J.: 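Structure in structure tokens, see below.
Given the structure is predicted, the values throughout are model-derived calculations rather than measurements.
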Amino acid sequence: MRGGELAQMSSEEVLEKVKGIIVEQLGVAETAVTMEASFIDDLGADSLDIFQIIMGIEEEFDIEIANEDAEHIVTVSDAVEEIKNALNS
């Protein structure tokens, strides 16, 4: 699933892929990964974890997230929105 197919993904489909990346990276329960969850406060991530999650997202979705944009990713919802924006640009 690349290119146009990725751009057509719903937020729910993006969330499911992001959940998989987060669960694998942080070892948290899938149920803990909600749109409102903060990577640091709720999921216990540190800055290296967040960097690795963003790298995993870039690879999974074949996108590039600028460092300035990555700094604003605090919650799972922020990550999903950033992915949707990158896919639709």
Side-chain angles (χ1 to χ4, degrees):
M1 185 158 61
R2 288 285 173 242
E5 288 181 42
L6 282 172
Q8 299 303 316
M9 290 181 74
S10 69
S11 292
E12 291 77 25
E13 291 170 315
V14 171
L15 174 61
E16 287 308 308
K17 285 184 169 285
V18 170
K19 271 187 184 182
I21 294 166
I22 295 168
V23 167
E24 183 178 322
Q25 181 63 41
L26 299 180
V28 296
E30 190 171 317
T31 55
V33 184
T34 64
M35 288 290 274
E36 299 79 28
S38 162
F39 286 108
I40 295 171
D41 297 335
D42 299 322
L43 301 175
D46 61 25
S47 57
L48 179 59
D49 291 326
I50 294 170
F51 175 76
Q52 291 176 321
I53 290 167
I54 290 171
M55 284 183 53
I57 287 170
E58 289 178 328
E59 186 175 311
E60 178 69 30
F61 292 94
D62 196 24
I63 60 173
E64 190 169 319
I65 298 173
N67 288 340
E68 310 84 63
D69 295 332
E71 291 172 6
H72 300 291
I73 297 175
V74 176
T75 65
V76 175
S77 177
D78 294 338
V80 170
E81 285 305 309
E82 187 60 42
I83 293 163
K84 292 290 286 178
N85 290 340
L87 291 175
N88 291 318
S89 62

J.: Can you list, pair by pair, the side-chain donor-acceptor contacts under 3.5 Å of residues 71-80, counting residues two or more places apart and other chains?
T.:
from  : atom 1 : to    : atom 2 : distance (Å)
His72 : NE2    : Glu68 : O      : 3.3
Thr75 : OG1    : Ser77 : N      : 3.4
Thr75 : OG1    : Asp78 : N      : 3.1
Thr75 : OG1    : Asp78 : OD1    : 3.4
Thr75 : OG1    : Asp78 : OD2    : 3.3
Asp78 : OD2    : Val74 : N      : 2.9
Asp78 : OD2    : Thr75 : N      : 3.0

J.: Please list, chain by chain and in numerical order, all residues satisfying side chain to side chain contact (heavy atoms under 4.5 Å, CB included) with Gln52, sequence neighbours excluded.
T.: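 Gln52: side chain to side chain contact (heavy atoms under 4.5 Å, CB included) contacts with Gln25, Leu48, Asp49.
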J.: Consider side-chain contact (heavy atoms from CB on, under 4.5 Å). Of Glu82, Met9, Lys84, which one does Phe61 pass it with?
T.: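 Only match with Phe61 under side-chain contact (heavy atoms from CB on, under 4.5 Å): Met9.
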J.: Can I get a per-line list of side-chain donor-acceptor pairs under 3.5 Å for residues 29-39, giving both atom names and the distance, sequence neighbours left out?
T.:
from  : atom 1 : to    : atom 2 : distance (Å)
Thr34 : OG1    : Ala37 : N      : 3.3
Ser38 : OG     : Ile40 : N      : 3.4
Ser38 : OG     : Asp41 : N      : 3.1

J.: Taking only residues two or more places apart in sequence or in another chain, which ones pass side-chain hydrogen bond (donor to acceptor under 3.5 Å, both in side chains) with Glu64?
T.: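 So Glu64 forms no side-chain hydrogen bond (donor to acceptor under 3.5 Å, both in side chains) with any residue.
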J.: Specify the closest pair of heavy atoms between Ala70 and Ile65, including all atoms of both residues, with the distance to one decimal.
T.: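 Between these two residues, the closest heavy atoms are N-CG2, 3.8 Å.
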J.: Could you tell me the separation between the CD1 atom of Ile22 and the CD1 atom of Ile57, rounded to the nearest 0.5 Å?
T.: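 Nearest 0.5 Å value for the CD1-CD1 distance: 6.5 Å.
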J.: Determine whether Val28 and Asp42 make a side-chain contact, defined as any pair of heavy atoms from C-beta on separated by less than 4.5 Å.
T.: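 Of all side-chain heavy-atom pairs linking Asp42 with Val28, none is under 4.5 Å.
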J.: List the residues meeting salt bridge (charged side-chain N to carboxylate O under 4.0 Å, His left out) with Glu16, not counting sequence neighbours, and say none if there are none.
T.: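 Expected list: Lys19.
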J.: Got a second to check how far Glu60's CD is from Ile53's CD1, nearest 0.5 Å?
T.: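 Output value for this atom pair is 13.5 Å.
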